[in-house]
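As a basis for the values below, the full set of heavy atoms in this structure was taken, side chains included, without hydrogen atoms, waters or symmetry mates. Naming convention: chains lettered A, B, ... in sequence-line order (proteins, then strands); numbering from 1 in each chain. Every value quoted in this text rests on a predicted model; they were computed, and no experiment measured them.
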2 protein chains.
Amino acid sequence: MLPGFAPRLSHRFILEGKTITNKKAEIREIYTGRIIAAAEEVFALKGFKGATTQEIADRAGLPKANVHYYFKTKEILYNAVLEDVVVVWKKDADAFDQSKDPTVALTEYIKSKMFHSFTRPSGSKVWANEIIHGAPVLGDEKLGKFLNIWEKRKTIQIRRWIKHGKILPVDPHYLLFMIWATTQHYADFEHQISVLNGKKALSKDQQEQATKNVIGIILRGIGLESEV
Amino acid sequence: MLPGFAPRLSHRFILEGKTITNKKAEIREIYTGRIIAAAEEVFALKGFKGATTQEIADRAGLPKANVHYYFKTKEILYNAVLEDVVVVWKKDADAFDQSKDPTVALTEYIKSKMFHSFTRPSGSKVWANEIIHGAPVLGDEKLGKFLNIWEKRKTIQIRRWIKHGKILPVDPHYLLFMIWATTQHYADFEHQISVLNGKKALSKDQQEQATKNVIGIILRGIGLESEV
DNA sequence: GTCTATAACGCGATAGAC
DNA sequence: GTCTATCGCGTTATAGAC
């Protein structure tokens, strides 16, 4: 086909209508997904400023300009990554509400968070970075909104357990901080842990052992017998 | 005094000798100290790439060129900050060895680390940043060296306690990770904690409560009765 | 919707006067 | 040892051909 005679996109759009529209939306979904996944890794590894759109584009397998086509600015892309992380953690939070029994609820919650720390550490790292720097992009308002989702119901539930003598009296916040800190440590400090483990990532077996240990210490620490 | 007739530094140096030399060394010490302190805060707040030498200079109260005079490159300055953090944590590690009794040793260790998290959060944040990004500046070798200092003796001691039935059998590494994670969380996630605390930093009283809770849960978690 | 080429800018680092 | 002015590079973002 001679140059200049390639069918114009507008023609095809008019000719084939809905099919092309769907295809476009589909392509958009595929690419934005790929870009976000690539961005999550690069932001985790380099920080917001340290990450370059070029590297993100390379990892996503497309030219830099296309990244800017789907996400106007680096900051908008960064926000999309953060939103994605929040979605994952929301699911962990749900695990907490699966049972009225403290042993079950806490065990499931910690298991969930440990699982995500091992399988998707980058998201946690991006979040940690954002918080360490004082939530400059997320902003305090949005941050407060997210935190309340994770904290409010749990705090109430924990107080109820204390009231009914099911667990020892501890301030719910400090217990939650300990769970968040310990579980997310396996994602955020992955590198440090692997260096201490002879430069090897924790094996599946070690991951299970770590999860058991964490559950065991925390549950016993508040007066429960752990099931694992 | 007319321009061009200001006394040359070399003259004064020859005339007054040692006094000037001392003064110079003194000035150097004062400025390098100020620069490192300023750098620690800016690196903590913005990350390595995000921090600008201009902002560090501003905080230290001198022109940007002077920062480069004392620290040839940004990376050299960053390394100096990291070394400083390690010195502080080395002291915390010593607290662990103050007693052969697990309750005392662990209580003192956690207290020390919590204290530094509250009083000097920036150092911990810089460290966290460096590890999250895979220790690109520190390098694995240096990192391994530091970690061994903090971990080796503690691991041995913990195993001894387990052997003598003083604490429940837990993998020493997972216990140490929990202590590091939980205590450093109060530094690294300071901002998140303050947002959950109604946008106010934890009060002295809350800091004490947090410390008590952390010690209580961890010690009870490994089968000890906490003293606090 | 894709991609190359480039504009516009901020930053680390330094030269060179004082 | 101090400081201003500036160089040179790397980066985000965009213009404009296809």
| In terms of side-chain geometry, is the basic nitrogen of Glu83(B) or Lys142(B) positioned less than 4.0 Å from the acidic oxygen of its partner? | yes
| query | Should we count CZ of Phe115(B) as having more than 12 external heavy atoms under 6.0 Å? | reply | no
| Residue-level proximity of residues 56-80 of chain A to DNA chain C when a heavy atom falls under 4.0 Å | Pro63(A), Ala65(A), Asn66(A), Tyr69(A), Tyr70(A)
| field | Residues Arg120(B) and Glu40(B) bridged, charged N to O under 4.0 Å | value | yes
| Using the ring of each side chain (for Trp, its six-membered ring), is Phe177(B) parallel, tilted or perpendicular to His173(B), with breaks at 30° and 60°? | tilted
| said: Within 45 degrees of the ring normal and closer than 6.0 Å to the centroid, is that where the cationic atom of Lys74(B) sits relative to Phe48(B)? | reply: yes
| said: Tell me whether the rings of Phe96(B) and Tyr109(B) are parallel (<30°), tilted (30 to 60°) or perpendicular (>60°). | reply: perpendicular
| Please walk me through it: do Gln192(B) and Trp180(A) pass side chain to side chain contact (heavy atoms under 4.5 Å, CB included)? | CA-CA 12 Å; Gln192(B) 178 171 300; Trp180(A) 294 347; 3.6 Å; yes
| said: Just to be sure I understand the geometry, which residues of residues 32-54 of chain A put a non-hydrogen atom under 4.0 Å away from DNA chain D? | reply: Ala51(A), Thr52(A), Thr53(A)
